[in-house]
Amino acid sequence: EQGKIENIVPVVRNDAHRIIEECMLAANVCASAFLEEHKQTCLYRVHAAPSEDKLQNLRAFLGEFALALGGGDDPRAKDYALLLEKIKQRPDFQLLQTVMLRSLKQAMYSPDNVGHFGLAYEAYTHFTSPIRRYPDLLVHRAIKAVLAADKYQPAQEAGDWEQIGLHCSMTERRADEADRDVENWLKCYYMQDRIGEEFDGSVSSVVPFGLFVALDDVFVEGL
């Protein structure tokens with residue numbers, strides 16, 4: 001009533017969410033296959049395999065828990081999925097899952113289709129949200145051009161496909177960072193009235209200048 005945040009709760013995905021996600025994935029795969037088949041350049045959503053350094057760090061971290069990621073020097077998405085399934089019931093699952101996700105590279109937009117490691121797709125686009133995501137709008141324009149027996153080329157002042165991909169990847173990162181900043185600010189606002197209270201938490205990362213601890217019930221992380 002006073003405009004304060006009442007509580008912080010986790011978002012729980014249910015079966016309806018999963019069905020919608022599967023439909024969206026299928027639509028994105030179909031869109032990329034259609035454009036590839038008609039040799040129409042577009043922005044693919046690409047996700048490269050993890051770097052050697054990050055893999056080494058992840059394996060060392062998992063080793064501390066007597067866990068191992070399969071796949072040798074060239075793990076695939078299914079190796080990650082198998083390990084996640086194996087550790088699902090552990091109390092430290094959240095921490096392990098976060099560290100595994102951080103070992104992956106960030107996905108980006110590019111006209112060069114190198115596949116999507118995380119989703120294990122050979123070709124993937126973003127197609128389902130043209131009213132809120134510019135890359136999806138470009139994919140729709142490309143599909144419309146193919147249907148009209150034409151070729152789609154973005155306006156010259158926008159640059160070539162590669163420049164547009166880099167620009168869209170940058171604006172996506174910028175939006176994500178703004179989103180995170182606001183969420184962190186709101187969490188601080190929520191916690192300022194609770195100074196002096198004691199909470200259970202898990203160490204989420206260790207850095208030379210201290211520990212990051214994630215509070216179990218309020219999902220707030222701090223140094």
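Residue indices begin at 1 and follow the sequence shown. Values in this document were obtained by computation on a predicted structure and should not be read as measured data.
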Notebook entry, point to check: Do Lys144 side-chain atoms and Val139 backbone N/O form a donor-acceptor pair below 3.5 Å?
Noted result: no
Notebook entry, point to check: Does some side-chain heavy atom of Ile164 sit less than 4.5 Å from a side-chain heavy atom of Leu138?
Noted result: yes
Note to self: In this structure, would Leu58 and Leu82 fall into the same cluster of hydrophobic residues linked by side-chain contacts under 4.5 Å?
What the structure shows: no
Notebook entry, point to check: Hey, is the main chain of Ser110 close enough, under 3.5 Å, to the side chain of Glu162 for a donor-acceptor pair?
Noted result: no
Notebook entry, point to check: So, does His38 use its side chain to make a donor-acceptor pair with the main chain of Leu35 at under 3.5 Å?
Noted result: no
Checklist line | Joint hydrophobic cluster, Val114 plus Tyr124, side-chain heavy atoms closer than 4.5 Å | finding: no
Check: Going by heavy atoms in the side chains, are His116 and Val46 under 4.5 Å from each other?
Finding: no
Check: In terms of heavy-atom contacts, does NZ of Lys78 have more than 12 from other residues, nucleotides or ligands at under 6.0 Å?
Finding: no
Note to self: Main chain of Lys54, side chain of Ser51: is a donor-acceptor contact present, judged purely on distance under 3.5 Å?
What the structure shows: yes
Check: Step by step, would you call Leu96 with Leu62 a side-chain contact (heavy atoms from CB on, under 4.5 Å)?
Finding: CA-CA 8 Å; Leu96 293 167; Leu62 291 171; 4.3 Å; yes
Notebook entry, point to check: If you count the non-hydrogen atoms of other residues, nucleotides and ligands that lie under 6.0 Å from CD in Glu197, is the total more than 12?
Noted result: yes
Note to self: So does Phe61 get a backbone contact from the side chain of Glu64, meaning a donor-acceptor N/O pair under 3.5 Å?
What the structure shows: no
Notebook entry, point to check: Are Arg45 and Glu172 ion-paired here, with the side-chain N under 4.0 Å from a carboxylate O?
Noted result: yes
Notebook entry, point to check: Are any of the side-chain nitrogens in Asp15 or Arg18 under 4.0 Å away from the carboxylate oxygens of its partner?
Noted result: yes
Item checked: Nearest atoms (heavy-atom pairs only) where Tyr80 meets Ser103 -> OH-OG, 2.8 Å
Check: Honestly curious: do Leu84 and Leu95 fall in one hydrophobic cluster under the side-chain, below-4.5 Å linking rule?
Finding: yes
Margin query: Parallel, tilted or perpendicular: which one describes the rings of Phe212 and Phe209, with boundaries at 30° and 60°?
Written below: perpendicular
Margin query: Could you check whether any side-chain N or O of His47 sits under 3.5 Å from a backbone N or O of Gly118, counting only pairs where one atom can act as donor and the other as acceptor?
Written below: yes
Margin query: With a 6.0 Å cut-off (strictly less than), is the heavy-atom count around NZ of Lys4, excluding the residue itself, greater than 12?
Written below: yes
Check: Would you call Ile131 and Leu137 a side-chain contact if the rule is heavy atoms closer than 4.5 Å?
Finding: no
Notebook entry, point to check: If you look at every heavy atom in Asp136 and Ser129, which pair is closest and at what distance?
Noted result: OD2-N, 2.8 Å
Next item on the list: Check the surroundings of atom CD in Glu6: do more than 12 heavy atoms from other residues, nucleotides or ligands lie under 6.0 Å from it?
Entry: no
Check: Taking side chain as C-beta onward, heavy atoms only, is Arg194 less than 4.5 Å from Val218?
Finding: yes
Checklist line | side-chain contact (heavy atoms from CB on, under 4.5 Å) between Val220 and Phe199, worked out | finding: CA-CA 11 Å; Val220 172; Phe199 299 88; over 6 Å; no
Notebook entry, point to check: According to a 4.5 Å side-chain heavy-atom criterion applied to Ile, Leu, Val, Met, Phe, Trp and Tyr, with indirect links allowed, do Phe117 and Leu101 form part of one hydrophobic cluster?
Noted result: yes
Margin query: Could you check whether any side-chain N or O of His140 sits under 3.5 Å from a backbone N or O of Pro130, counting only pairs where one atom can act as donor and the other as acceptor?
Written below: no
Note to self: Quick one, Leu69 and Leu55 - any side-chain contact, counting heavy atoms below 4.5 Å?
What the structure shows: yes
Margin query: To the nearest 0.5 Å, what is the distance between OH on Tyr190 and CG on Asn7?
Written below: 6.0 Å
Margin query: Are there over 12 heavy-atom neighbours, none belonging to Asp217, within less than 6.0 Å of that residue's CG?
Written below: no
Notebook entry, point to check: So, do Arg59 and Pro75 sit near enough that their side-chain heavy atoms are less than 4.5 Å apart?
Noted result: yes
Note to self: Side chains of Ser202 and Asp92: any donor to acceptor distance under 3.5 Å?
What the structure shows: no
Note to self: Are Tyr189 and Val182 linked, directly or through intermediate hydrophobic residues, by side-chain heavy-atom contacts shorter than 4.5 Å (ILVMFWY only)?
What the structure shows: yes
Item checked: Heavy-atom side-chain proximity of Phe65 to Arg90 below 4.5 angstrom -> yes
Checklist line | Ala120 versus Ala77, closest heavy-atom pair with distance | finding: CB-CB, 3.9 Å
Item checked: Heavy atoms of other groups near Glu122 CD, more than 12 under 6.0 Å -> no
Item checked: Where Ile143 and Phe34 come nearest, the two heavy atoms and their spacing -> CG2-CE2, 4.0 Å
Next item on the list: Determine, for Glu183 against Arg180, whether the closest basic-nitrogen to carboxylate-oxygen distance falls under 4.0 angstrom.
Entry: no
Next item on the list: With rounding to the nearest 0.5 Å, note down the distance linking CG in Asp179 to CZ in Arg174.
Entry: 13.5 Å
Checklist line | Which atom of Leu43 lies closest to which atom of Gly165, heavy atoms considered | finding: CD2-CA, 3.7 Å
Notebook entry, point to check: Can the ring centroids of Tyr109 and His126 be said to lie less than 6.0 angstrom from one another?
Noted result: yes
Margin query: Under a 3.5 Å distance rule, please check whether Asp150 uses its side chain to pair with a backbone N or O of Ala145 as donor and acceptor.
Written below: no
Notebook entry, point to check: Tell me, do Met191 and Leu215 make a side-chain contact under 4.5 Å, heavy atoms counted?
Noted result: yes
Check: In Å, rounded to the nearest 0.5 Å, how long is the span from CD of Gln153 to CD of Gln40?
Finding: 8.0 Å
Note to self: side-chain contact (heavy atoms from CB on, under 4.5 Å) for Glu221 and Val213? Distances and angles first, verdict last.
What the structure shows: CA-CA 6 Å; Glu221 190 177 48; Val213 176; over 6 Å; no
Check: Does Asp200 reach the main-chain N or O of Asp216 with its side chain, forming a donor-acceptor pair under 3.5 Å?
Finding: no
Margin query: Please check: side-chain N/O of Asp79 versus main-chain N/O of Arg76, any donor-acceptor pairing under 3.5 Å?
Written below: yes
Checklist line | Heavy-atom pair with the smallest gap, counting every atom of Phe127 and Asn28 | finding: N-OD1, 3.0 Å
